[in-house]
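Just below is one structure, and these are the notes that go with it.
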Amino acid sequence: MTEQKTPPVVLVDGSSYLFRAYHALPPLTTSKDHPTGAIKGVISMIRRLEQDFPGSKMVVVFDAKGKTFRHEMYEEYKANRPPMPDDLACQIQPIHEIVKAMGLPLLTVSGVEADDVIGTLANEATSKGIDVVVSTGDKDMAQLVSDHVTLINTMTETRMNRDGVVEKFGVTPEQIIDYLALVGDKVDNIPGVNKCGPKTAVKWLESYKDLDTLIEHSGEIKGKIGEYLREATETLPLSRELATIRTDVDLDFGLEDLELRQQDDDKLLELFREYELRSWIAELENDAASSHSDNGPDQQKTADIEKRYSVITDQGELDQWVKRLKAADLFAFDTETTSLRYMDAEVVGVSFAIEPGEAAYVPLGHDYMGAPEQLDRDTVLKQLKPLLEDPKLAKLGQNLKYDKNVLANHDINLEGIAEDTMLESYVLNSVATRHDMDSLAMQYLGEKTITFESIAGKGAKQLSFNQIELEKAGPYAAEDADITLRLHHALRPMLADTGKLASVYETIDLPLVPVLSRMEQRGTLINASVLRKHSQELAERMAELEQEAHEVAGETFNLGSPKQLQAIFYDKMGLPVIKKTPKGAPSTAEPVLQELAHDHELPRLILEHRSLSKLKSTYTDTLPELINHRTGRVHTSYHQAVTATGRLSSSEPNLQNIPIRSEEGRRIRQAFIAPEGYKLVAADYSQIELRIMAHLSGDKGLLTAFEKGEDIHKATAAEVFGVSVDGVSGDQRRSAKAINFGLIYGMSAFGLSRQLDVSRKVAQQYIDRYFERYPGVLKYMDNIRKQAHDDGFVETLFGRRLYLPEINARNKQMQQAAERTAINAPMQGTAADIIKRAMIEVEDWLLREHGDEARMTMQVHDELILEVKESALEKIRSGLESRMSAAAELDVPLLVEAGAGDNWDEAH
DNA sequence: ACGTTACCCTA
DNA sequence: GTAGGGTAACGTA
């Protein structure tokens, strides 16, 4: 039996969460444009802590305005920090008010930082024998950790005790200050030791225990880094002092003065309404409604919705649920399966939710030793089939494409896909978050969900769902449905409130789900024997190259190892270093070897070997292995919530990077074939991004060029180089093409000069000349940059948003990168929207009119690939072209070029 | 066994 | 200069 302990006092570092929430969360605003992202983030973290530490005294500490004693010690302290952005500053007051209304003591002490207040209170508590939990996102606080003080990062859900500090940093809490002093801090402008990072600091502290001893023995440290250490000996004591959190601040109050007060519901409701924090409003209202029946003692308030999860193994109970599902306006639905790979997956159970907090799991295929008797899978699926196939019964799920695919394995055609939380989250903010359910629950509901790993384990020993005990599987699966439902309630209003996002979700991403599902299930046909033969040829040629390379080098080595290549090229042969990798090692990348190949044989051999090895390992070896035994075809996965711009991505295999540029590579495309009696039709949008640029910018010259159907690169060359269209040389056209691509990518003179191998000055002249001839484009580029800076996001033609959190970053490089994204995203994203619209339309048309004659099988960003019956070839080709062209009404024609052939190479 | 780095394939 | 995914090597568990 253990002693009943006093609950720990919880000290919350509000300021550290303020910044993190501001950067991590999407730039949400109220309908009156008051930003709320940081409010939401900080408050939901405090609420989580209230749940996790019931009965604890909690104190929330923020930095006060103005300078602190550290500035007096060191003028340059935090001199690198930019002023707080306005849209963060204006959220501080509301947070303070909400914290107060929640009844929590709020502290801001001028002249010191929040850290010091926390350090002092922690010190006071431990001296009285009370344990302390410090909630912070700031690693510097690790110095406070002791047997009685732990850290918790409520954002990342990690707790750190003494052992945790040692594990994370490699030094004890007592050594953290010295560690921080050595490493320094760019943001706070603490100098530290030049070139000394975490690794070096840990190494030194391991050998010398503390900073003073290290300084005494600094003469023993060899090499350049030793010199840097000796250079820093004068500033190190200052660095150490700056890094030290004070535990002896003279506060005019003590812990006992900081009382929790009763939460002021009325005030809180008013604040939540003002900042439109909908889910919390609903919760408060519910609490108020139910508080009469709640006559228990004044406990921790029930921030959680009461959860009623059931596991159904009784037919009567299932019937009750089915009845309710049929009557519901919308129900959440989830399948548990044997595998994440949709082609192999079988249903292990299904879960449902209609009302928040209430959910049911119906286990159907748990087959571990001693599993309880369950309802018969096929019988239940048969019972559910009419329900799941009814397009009028609206279903909600998280990534329903997967569920649709899995159900197809059981001959169920899921229809009525009405809402999908993964897509809601993606459309709301494609960049700021991952869109898996666990992340979404944390972000939008402030709730930690049961992870699959926690019930199934991980790595090779991970169990599949059918092997998981019902006691664990039930809550997990039911929670999936419940969380999905509650997420939808949180996300859907946000979509409706934000520009045209709801329409992007409703008319583009959601209707695409069944289209992609069918494309995935259809798969594509591949000639495995051609690929295997190709693999063999590649292997032979590679062996020759390898032997030659070994002879030339005079030693054997692994041609695929950049490290060994470096040793041979730069250490042994002494070749010039043309470029370095990001980590500073001399690069052996393709353009470098290309350059070196002028004077040496070895780089050429490596280059050829490398390109063949790439083709072999990525394509010719792998693709045949991915052929499904049941269908004889290859089934990719299209991911709808991955890219920042709205494009799809493809994996296992990635069909969007099948080679085309080299002859050897095209042989791989030749292995993508049509079935007997069919041809492959490949239709692609010609110059779609440039056309979108013409449309968005409204530039007269560009619009005219496209209207006349001119060769756009030639037309550009004629303008930039001042020659007639007929007089454009091949070189001029090539340059113009690079300029046009550069424009789409947010070009700089530097980038263009490298691409064209001309001086930066010449590149700049080209750019200037271009903008002179196409002034509308320049104006558009300027506008879009300005818009990005003002709004923090850019939009596609259809209103899909891309947030650019780094557009106003202090780091100029980051800011410029964000500007390039701002320029590129509307074009790339609009193109993505257009082809998605085309896919929905084409699929609908084919299913309606040509069910057995043609089917869409692949999408590669601006290209659709279909299998078409030979007899219907011309009809389908023209219908396809016209539908793709009509997928958007632009001020320029959308030209589509479609070809046909026995394989993808021929069709393209 | 897992994560990171360097490299390279596509639009 | 934009946006992705996959592989081998390599370092750390």
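Numbered from 1 within each chain, the chains take letters A, B, ... in sequence-line order.
Heavy atoms of A:F741 sit nowhere under 4.0 angstrom from any nucleic acid atom. Within 4.0 Å of A:I744, counting heavy atoms only, lies no atom of the nucleic acid at all. Counting any heavy atom pair closer than 4.0 Å across all strands shown, A:P653 reaches no nucleic acid atom. Nucleic acid contact class of A:L752 (heavy atoms, under 4.0 Å, all strands): base. Nucleic acid contact for A:G742: base, since at least one base atom lies under 4.0 Å from a heavy atom of the residue. Counting non-hydrogen atoms under 4.0 angstrom, A:E689 reaches nothing in the nucleic acid. Heavy atoms of A:E863 sit nowhere under 4.0 angstrom from any nucleic acid atom. Nucleic acid contact for A:R647: base, since at least one base atom lies under 4.0 Å from a heavy atom of the residue. Nucleic acid contact for A:S613: none, since no nucleic acid atom lies under 4.0 Å from a heavy atom of the residue. Residue-level contact check: A:A738 touches the bases, meaning some heavy atom is under 4.0 Å from a base atom. In this structure, A:N558 reaches the sugar-phosphate backbone alone: every heavy-atom distance under 4.0 Å involves primed, P, OP1 or OP2 atoms, never a base. Nucleic acid contact class of A:A832 (heavy atoms, under 4.0 Å, all strands): none.
Proximity of A:T821 to the phosphate of C:dA3: a side-chain N or O atom is located under 4.0 Å from OP1 or OP2. OP1 or OP2 of B:dA6 sits under 4.0 Å from a side-chain N or O of A:T581. Under 4.0 angstrom from either OP1 or OP2 of B:dC8 there lies no side-chain N or O belonging to A:S611. The shortest distance between the side-chain N/O atoms of A:T645 and the OP1/OP2 oxygens of C:dT2 is not below 4.0 Å. A sub-4.0 Å separation between OP1 or OP2 of B:dT10 and a side-chain N or O of A:R661 is present. Considering only side-chain N and O atoms, A:N654 lies nowhere under 4.0 angstrom from the phosphate OP1 or OP2 of C:dG4. For C:dA9, neither phosphate oxygen OP1 nor OP2 lies less than 4.0 angstrom from any side-chain nitrogen or oxygen of A:S561. Within the 4.0 Å cut-off from OP1 or OP2 of C:dG11, at least one side-chain nitrogen or oxygen of A:K563 is found.
A salt bridge does not link A:K616 to A:E537: none of the charged nitrogens lies less than 4.0 Å from a carboxylate oxygen.
Both A:A644 and A:S617 lie close to DNA chain C; mapped to their nearest nucleotides by heavy-atom distance, the more 5′-ward contact belongs to A:A644.
Here the two rings, on A:Y770 and A:Y766, have centers that are 6.0 Å apart or farther.
A straight line from CD of A:E625 to C1' of C:dG6 spans 14 Å, rounded to a whole angstrom. We find that CZ of A:F672 is positioned 13 Å from P of B:dT10, with the value rounded to whole Å.
Side-chain contact check for A:E663 versus A:R666: some heavy-atom pair is nearer than 4.5 Å.
Residues A:V183 and A:A201 approach most closely at CG2-CB, 3.7 Å, considering heavy atoms.
Among C:dG6, C:dG4, B:dA11, the nucleotide with an atom closest to any side-chain atom of A:T643 is C:dG4.
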